[in-house]
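Worth saying up front: this structure is predicted, and the values here are computed from it rather than measured. By convention in this document, chain letters (A, B, ...) are assigned in the order of the sequence lines, proteins followed by strands, and residues within each chain are numbered from 1.
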Protein chains: 2
Amino acid sequence: MKSKSNVTIKDVAKRAGVATSTVSRVINNKSLISEETKEKIIEAMRELNYFPNSLARNFANGNACAIGLVIDANDNNTFSNVFFNKSVFGIETVAQNNGYNILITNGGEEKNGVTSVEKLILERKIDGLILPSVMAKKKLIKKLFELDFPFVILGEPENFKLESSWVDINNTQGGELAVNHLIQKGYKRIAFFSGNPKAIFSQNRLKGYRQALASAGLSVDEKYIVYCEETPAAGYNLLKEIFKMPQPPDAVICSDNIMAFGVLRAAGEMGLLVPKELGVLSFDNYPIAEYTNPPLTVVDVDTYSLGEQAASILIKKIGHEKEVNQQTLISTSIIARESTNLKGE
Amino acid sequence: MKSKSNVTIKDVAKRAGVATSTVSRVINNKSLISEETKEKIIEAMRELNYFPNSLARNFANGNACAIGLVIDANDNNTFSNVFFNKSVFGIETVAQNNGYNILITNGGEEKNGVTSVEKLILERKIDGLILPSVMAKKKLIKKLFELDFPFVILGEPENFKLESSWVDINNTQGGELAVNHLIQKGYKRIAFFSGNPKAIFSQNRLKGYRQALASAGLSVDEKYIVYCEETPAAGYNLLKEIFKMPQPPDAVICSDNIMAFGVLRAAGEMGLLVPKELGVLSFDNYPIAEYTNPPLTVVDVDTYSLGEQAASILIKKIGHEKEVNQQTLISTSIIARESTNLKGE
DNA sequence: CGCTTTTATGCAACCGTTTGCATAATTTAA
DNA sequence: TTAAATTATGCAAACGGTTGCATAAAAGCG
């Protein structure tokens with residue numbers, strides 16, 4: 001059909017006066033080939049401008065050289081999600097370096113009882129799967145085990161936590177880091193404006209928050225822990241609300257930059273000086289974080305590494321029949337900016 | 001090698017008591033098959049839980065069912081770039097619906113005189129290419145023509161503008177829209193804070209700006225047109241600078257949200273009321289735009305559609321031997337917010 | 001120096017589909 | 001009623017690699 005009359009391995013073999021198997025062995029540098037024939041073959045390949053047809057190779061080898069990446073069908077902001085994007089970049093880089101392509105798929109839809117992910121696997125389009133924890137439903141994971149199909153979860157999953165491989169940001173450590181930074185700067189009454197309490201990352205951050213306060217010998221005031229949406233409006237309202245308390249906090253940890261944005265605005269309106277009278281710290285380092293007024297101290301999460309790790313674990317799994325499961329946590333770090341600089345150092 | 005002992009077309013044929021060719025014809029619903037055998041075959045496929053092996057299909061058909069997407073090797077922010085991401089989402093969606101995968105590749109590196117893009121093509125890993133205009137260098141495009149390989153450029157290119165297919169945001173119309181909106185709101189002296197003057201999109205926006213002013217019978221004050229980096233600092237400095245003029249502008253169009261951010265901060269410090277004393281409008285609608293103080297009026301560019309268009313043009317090209325080249329412009333629209341609401345309507 | 005071991009290469013089957021051509025079965029035309 | 005046209009299906013050769021097995025040549029050994 002689509003011919004373009006291309007050079008094949010046979011042409012190379014003929015030209016070099018050897019069998020196709022020998023050429024194949026040179027391409028894959030397998031077994032022992034004498035230096036002499038090797039050079040002859042490489043020369044022939046160059047002369048004919050030969051490139052191995054990857055379709056034929058994949059077919060013969062029975063692997064697609066592709067890894068599937070499930071995206072959240074319900075979140076049509078997935079692609080404007082910085083968290084997601086940077087990890088995709090990490091995945092992409094590692095995959096590329098190992099000769100794998102990325103195949104993005106919508107996790108949701110089901111057709112005649114077969115999900116699109118399942119179809120991808122059964123049609124042999126992918127050799128492994130990376131999926132965000134929100135997509136790691138029991139049913140799908142069971143299916144993957146059944147098919148003995150290699151996969152890695154992005155973010156700590158709710159189910160099969162021990163039986164499967166996953167990579168996550170060390171949110172507990174991040175929560176500790178946030179509190180320790182604020183304490184070290186001189187803040188004493190630290191509130192926590194959390195996102196969705198059902199999300200595991202929220203729970204872990206809170207865990208770190210509690211641990212760090214305990215280690216510092218400070219008590220946890222449950223009224224200082226509040227859950228809300230990750231919007232500026234929520235941050236704005238929450239700050240105004242919490243300052244009605246007889247003893248309001250002197251610092252706030254926000255689970256999101258956008259929320260912190262609202263907190264800063266509210267502080268401005270209330271005439272509260274940041275960082276003198278209120279420290280503000282947020283998880284994640286969005287591009288806007290350095291441009292807020294004052295610039296925002298953040299817990300930086302390295303989602304690029306997250307992606308890198310996920311991909312390299314997956315590729316290892318694809319290679320070896322049985323691999324021990326692996327759970328990896330990526331450490332966070334503080335980027336200190338003006339919003340928590342209590343002593344004006 | 002990697003067996004997993006899967007059901008093949010032969011098993012289905014045997015089960016249904018027909019030849020493999022007949023099964024194949026049912027899979028591809030080609031030529032005429034009697035309803036009777038068709039049903040028999042479909043039944044057999046269901047019973048055996050058969051899924052066609054896409055590796056074998058791709059090999060037999062000689063197409064990879066994949067489209068390459070070149071990313072800018074020099075821009076390691078590519079993946080945090082909202083513009084880019086939304087268009088990728090659009091490309092992805094269309095590709096998926098047409099049975100194509102996306103294969104992302106780094107445009108830059110060259111090895112033994114062969115770029116990675118070229119390698120992808122020669123190894124038959126992709127059937128078509130989408131590349132951003134910054135990556136559409138003369139050398140590469142010539143190569144693509146030589147190989148008669150289908151491609152679409154994302155953004156108006158500098159070279160081969162007429163010979164190749166491309167899709168872009170209608171930046172000229174966007175520039176007009178911005179000016180018209182401001183005029184309609186009652187602003188009279190409109191400045192333009194542009195990005196890189198060498199970028200074609202900047203030139204087009206400026207063209208629209210001039211055209212709209214001319215249509216409205218307003219003269220263009222060249223001192224109102226300034227180029228700078230797309231950072232808050234640049235916007236901040238530029239506004240302070242321009243207000244040293246004897247007759248400063250009463251509105252500013254920024255080529256980027258981040259720049260507008262700096263302009264708003266400078267206005268705040270200078271005691272300039274937005275929108276009463278200064279209208280501020282920006283290209284692009286970042287998530288922060290609705291959370292600035294006051295919320296920012298923007299020219300919204302639909303990069304999702306941009307991606308969709310690019311992908312569907314490419315897929316058409318892949319299908320038909322020769323297709324007339326196509327240049328498509330995606331219209332922009334105004335999202336009016338408080339920052340240009342001069343009359344407090 | 002003959003025999004075993006090692007090294008280098010060729011032969012041919014195989015991977016699972018697709019498809020041109022041949023043929024059998026059925027319908028149409030005259 | 002028979003030849004021609006149409007419809008439905010099968011046969012087998014591709015597609016371009018990879019790889020187990022066989023074998024020839026070279027090296028090592030006693």
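For F59(B) and dT17(C), the ring-to-base geometry does not satisfy the stacking test (centroid distance below 5.5 Å, interplanar angle below 30°).
For dT18(C), one of the phosphate oxygens OP1 or OP2 lies less than 4.0 angstrom from a side-chain nitrogen or oxygen of S24(B). Close to dT18(D), at under 4.0 Å from its OP1 or OP2, lies a side-chain N or O of N28(A). The phosphate of dT9(C) has OP1 or OP2 within less than 4.0 Å of a side-chain N or O from T37(A). A close approach under 4.0 Å does not occur between any side-chain nitrogen or oxygen of N61(A) and OP1 or OP2 of dC15(C).
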Enumerate the protein-to-nucleotides 11-14 of chain D contacts in which both atoms are nitrogen or oxygen and the separation is below 3.5 Å.
| unit_1 | atom_1 | unit_2 | atom_2 | d |
| --- | --- | --- | --- | --- |
| dC11(D) | N4 | S21(B) | OG | 2.9 |

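Per the geometry, CZ belonging to R124(B) stands 13 Å off C1' belonging to dG17(D), to the nearest Å. Rounded to whole Å, atom C1' of dT19(C) lies 15 Å from atom CG of N63(B). In this structure, L55(B) places its CG atom 13 Å from P of dT18(C), rounding to the nearest Å. As a whole-Å value, the separation of L122(A) CG from dG16(C) P is 15 Å. What separates CG of N29(B) from P of dT18(C) is a distance of 12 Å, to the nearest Å. The nearest whole Å value for the distance from the CD atom in E123(A) to the C1' atom in dG16(C) is 14 Å. In this structure, I9(A) places its CD1 atom 12 Å from P of dG10(C), rounding to the nearest Å. Rounded to whole angstrom, the span from the NZ atom of K14(B) across to the C1' atom of dG16(C) amounts to 14 Å.
When the nucleotides dT17(C), dG16(D), dG10(C) are ranked by their closest atom to the side chain of A56(A), dG16(D) comes out on top. For K30(A), counting side-chain heavy atoms from C-beta on, the closest listed nucleotide (dT9(C), dT19(D), dG10(D)) is dT19(D).
Geometrically, K317(A) engages F151(A) in a cation-pi contact, judged by NZ or CZ lying under 6.0 Å from the ring centre and within 45° of the ring axis.
As judged by a 4.0 angstrom heavy-atom cut-off over every strand, V18(B) is placed among residues touching the sugar-phosphate backbone only. Using a 4.0 Å heavy-atom criterion, one finds that N58(A) contacts no nucleic acid atom at all.
When all heavy atoms of I104(B) and Q96(A) are compared, the closest pair comes out as O-OE1, 3.1 Å.
Under a 3.5 Å cut-off, the side chain of S164(A) and the backbone N or O of F160(A) do form a donor-acceptor pair. Side-chain atoms of D168(B) do not come within 3.5 Å of backbone N or O of G155(B) as any donor-acceptor pair.
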Practice task
Report the C-alpha separation of I130(B) and L154(B) in whole Å, then their side-chain angles, then the decisive distance to 0.1 Å, and conclude whether the side chain to side chain contact (heavy atoms under 4.5 Å, CB included) test is met.
Solution key: CA-CA 7 Å; I130(B) 294 180; L154(B) 224 46; 4.2 Å; yes

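In this structure, a donor-acceptor pair under 3.5 Å is absent between the side chains of S24(A) and S21(A).
Residue pairs satisfying the salt bridge (charged side-chain N to carboxylate O under 4.0 Å, His left out) criterion with at least one member in residues 37-58 of chain B, sequence neighbours excluded, are listed as follows: R15(B)-E47(B), E43(B)-R46(B).
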